[in-house]
Amino acid sequence: MKKPVEAALQRALREARRRGLLQSEPPPVVMEIPKDPALGDLASPVALTLARSERAAPRSVAEKILQCLEDPEGLFAAVEVAGPGYINFRLSPQFWARCLAEIESPTFGPSSFGLGQRVLVEFVSANPTGPLTVGHGRNAVLGDALARLFEATGHGVTREYYFNNAGRQMKLLGESVKARYLECLGETIVFPEEGYQGHYIREIAAGLVRAYGDTLRDEPATGLFKDAAEKAIFADIDRTLERLGIRFDSYFNEDSLYRDGSIDQTLADLRQRGLAFERDGAVWLDGKAVGLDQDRVLVKSTGEPAYRLPDMAYHRHKFARGFDLLVNVLGADHIAEHEDVRAALRALGYDVNRLRVVLYQFVTLTRGGEQVKMSTRRAEYVTLEELIDEVGPDAVRFFFLTRKADSHLEFDLELAKRQSTDNPVFYVQYAHARVCSLMKQAVATGVSRPAAVDAPLQLLTAPEEVAVTKLLASYPDVVEDAARLCEPHRVVFYLIDLAAEFHRFYNRHRVLTEDVQQSRARLYLAWAAGRVVRLGLGLLGVRAPEEM
């Protein structure tokens with residue numbers, strides 16, 4: 001919706017400068033949708049932006065721009081200067097009809113602004129120490145929705161899962177499984193103090209007893225026990241993600257950075273640039289030298305690298321693969337770690353503007369108004385698998401995206417299961433099902449959905465019809481903004497608004513009437529709404545059911 005208006009305004013700015021009415025180089029055009037519809041359909045503050053360099057009042061600048069505004073395409077019903085100097089546009093019925101007709105095109109919706117750009121989206125990245133939790137679920141859905149948005153805007157997308165199958169956590173995992181294995185054999189055990197106590201550990205141990213009997217008593221915990229647990233847990237993770245329709249193009253193991261020398265090389269490069277030093281038997285990142293408020297440990301006095309160092313090496317590997325944009329989906333508790341990594345990469349000469357981090361806040365599950373308590377290692381938590389079992393994959397995906405990533409999310413389990421319009425995912429899906437039912441009804445009465453060229457779209461003048469039309473026309477802008485800003489919740493909010501306007505239209509106006517022309521126009525409008533709802537739900541990875 002915005003692009004043709006932006007182009008017309010940009011041409012007016014260039015023409016105003018050519019005529020000498022303006023002296024400044026035309027700035028990028030910003031177009032906004034006024035909160036008050038009485039102010040028009042679109043508004044631009046470009047005159048306010050130019051006022052200082054032009055040394056003129058914003059309204060005067062706006063008037064000069066309007067002198068050069070041409071409209072050969074018939075975009076505008078009215079254009080006026082308002083308030084302190086905004087240029088307000090009221091779009092013509094012909095423009096809205098054209099927008100509706102574009103929805104019929106197979107290429108409607110996707111944008112090409114990312115064409116030729118390669119994006120790596122790294123998400124989930126849970127180590128194989130246990131089932132995915134609800135927190136991992138928000139990460140997974142955010143990452144996959146971002147990948148879908150980038151694909152819809154022309155980017156070449158790679159989905160990557162980063163994990164570590166060694167280190168202290170994996171050692172504890174192996175020890176936990178061995179302890180339960182020995183317990184299954186009837187031995188009295190001392191369970192590791194910080195071991196993993198979930199039921200899945202007992203299941204893995206019982207499987208080893210079935211497969212090997214008591215022959216593994218002397219097997220080291222970090223051998224077959226760890227390997228069996230890793231294999232079983234990763235299989236469980238894959239099954240859970242598959243239920244949500246989430247896939248990965250590549251898996252990257254942190255251990256490979258040790259094997260190929262990437263971590264040693266990163267440390268050597270930091271030393272060479274004077275960014276790392278030794279103190280108290282440890283190796284430190286010089287905080288002042290890289291722009292941090294204090295020094296950070298890179299290698300502990302035990303000789304074990306702190307988590308920052310492998311992350312730095314991993315991101316150097318990402319940059320080396322030639323991606324134009326690197327997107328990481330991380331829990332808010334990783335913000336300090338990310339800032340350390342970013343500072344070190346900048347000091348090493350990398351363009352960290354290519355690195356984008358989406359931080360998400362934690363999830364609180366509620367049932368009957370009461371919080372469902374979660375605690376990780378003691379297995380008193382709700383797994384993502386259990387959440388899917390209870391509310392279904394559509395509700396899981398939709399609800400995880402109903403808030404901006406950096407906002408705390410309260411997931412109401414009872415609301416997510418409710419088959420009513422109170423439930424936002426049901427409300428949106430019901431709009432699509434309503435359209436499908438209407439199309440079947442039309443066919444049964446001998447009416448087929450007309451092509452846009454045959455539909456008298458200029459008849460769609462009722463307030464409810466206009467409201468649906470305007471929202472449909474804004475869909476490509478919403479998708480592009482959501483991708484640019486890495487904010488998939490914008491699509492959710494849009495779909496809820498569109499569903500509300502469609503239901504309002506449907507409830508107030510009969511679509512199939514004795515007036516054939518009006519019926520054809522309304523039938524096309526309903527079909528267009530159904531298509532856009534389906535496209536939007538697809539970006540979220542949510543089904544668009546034909547019946548409910």
Side-chain angles (χ1 to χ4, degrees), residues 120-127 135-136 138-139 142-143 146 160 162-164 167-169 194 252 254 257-258 261-320 323-363 376 403-409 484-487:
L120 178 69
V121 183
E122 183 231 317
F123 60 112
V124 183
S125 297
N127 289 338
H136 294 133
R138 191 176 191 188
N139 184 315
L142 275 168
L146 286 169
E160 184 156 284
Y162 174 70
F163 69 98
N164 181 21
R168 181 172 178 273
Q169 283 187 322
E194 296 187 25
F252 195 102
E254 180 183 325
L257 300 169
Y258 289 88
S262 295
I263 291 176
D264 290 338
Q265 186 60 56
T266 297
L267 186 59
D269 291 345
L270 289 168
R271 288 180 184 274
Q272 183 181 12
R273 291 177 180 244
L275 303 174
F277 64 92
E278 294 188 20
R279 185 175 68 208
D280 301 328
V283 182
W284 298 73
L285 178 68
D286 188 329
K288 184 176 180 180
V290 300
L292 297 172
D293 58 351
Q294 59 184 354
D295 302 331
R296 302 284 196 269
V297 174
L298 293 173
V299 181
K300 302 174 186 178
S301 57
T302 59
E304 178 188 2
Y307 52 80
R308 298 175 186 86
L309 186 56
D311 273 7
M312 293 171 191
Y314 173 46
H315 281 82
R316 295 182 81 188
H317 195 284
K318 287 183 179 181
F319 277 107
F323 291 99
D324 300 286
L325 181 64
L326 305 172
V327 178
N328 296 348
V329 182
L330 300 172
D333 55 333
H334 289 276
I335 181 63
E337 172 189 343
H338 162 66
E339 290 174 348
D340 297 346
V341 171
R342 190 182 188 92
L345 291 170
R346 183 189 296 110
L348 287 171
Y350 289 92
D351 178 11
V352 294
N353 291 324
R354 289 161 55 194
L355 177 60
R356 188 79 176 270
V357 171
V358 177
L359 291 168
Y360 66 93
Q361 290 290 343
F362 297 105
V363 180
T376 52
R403 293 288 181 273
K404 190 175 180 181
D406 60 6
S407 298
H408 174 258
L409 175 65
R484 285 187 189 277
L485 299 170
C486 291
E487 294 182 347

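Counting from 1, the numbers follow the sequence of the chain as shown. This one's a predicted model, so the numbers in the text were calculated from it and none came from an experiment.
Legend: residues meeting side-chain contact (heavy atoms from CB on, under 4.5 Å) with Val357, ordered by chain and number and at least two apart, are Asn328, Leu330, His338, Leu359. Every residue two or more places apart in sequence or in another chain that forms a side-chain contact (heavy atoms from CB on, under 4.5 Å) with Ala405 is listed here: Leu142, Val358, Tyr360. With sequence neighbours excluded, no residue forms a ring-ring contact (aromatic ring centres under 6.0 Å, His included) with Phe323. Applying the side-chain contact (heavy atoms from CB on, under 4.5 Å) criterion to Tyr258, with sequence neighbours excluded, gives Glu254, Asp255, Ile263, Pro305, Pro310. In this view, Phe277 and Arg279, Trp284, Asp286, Asp295 satisfy the side-chain contact (heavy atoms from CB on, under 4.5 Å) rule, not counting sequence neighbours. Taking the side-chain hydrogen bond (donor to acceptor under 3.5 Å, both in side chains) definition, one finds that Arg403 meets it with nothing, sequence neighbours left out.
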| request: Would you sort out whether Glu278 and Arg271 count as a salt bridge (charged side-chain N to carboxylate O under 4.0 Å, His left out), showing the intermediate values? | output: CA-CA 10 Å; Glu278 294 188 20; Arg271 288 180 184 274; 3.6 Å; yes
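Atom CG of Leu270 sits about 10.0 Å away from atom CD of Gln265, to the nearest 0.5 Å. From Leu120, atom CG reaches atom CZ of Phe319 across 10.5 Å, with rounding to the nearest 0.5 Å. Rounding to the nearest 0.5 Å gives a distance of 4.5 Å between CG of Asp340 and CZ of Arg296.
Remark: side-chain polar atoms of Arg356 are paired, donor with acceptor, to backbone N or O of Leu485 under 3.5 angstrom.
Nearest heavy-atom pair across Leu298 and Leu309 is O-CB, 3.8 Å. The two atoms that bring Arg308 and Val297 nearest to each other are NH1-O, 3.2 Å, heavy atoms only.
Heavy-atom contacts from other residues, nucleotides or ligands closer than 6.0 Å to CD of Gln294 number more than 12.
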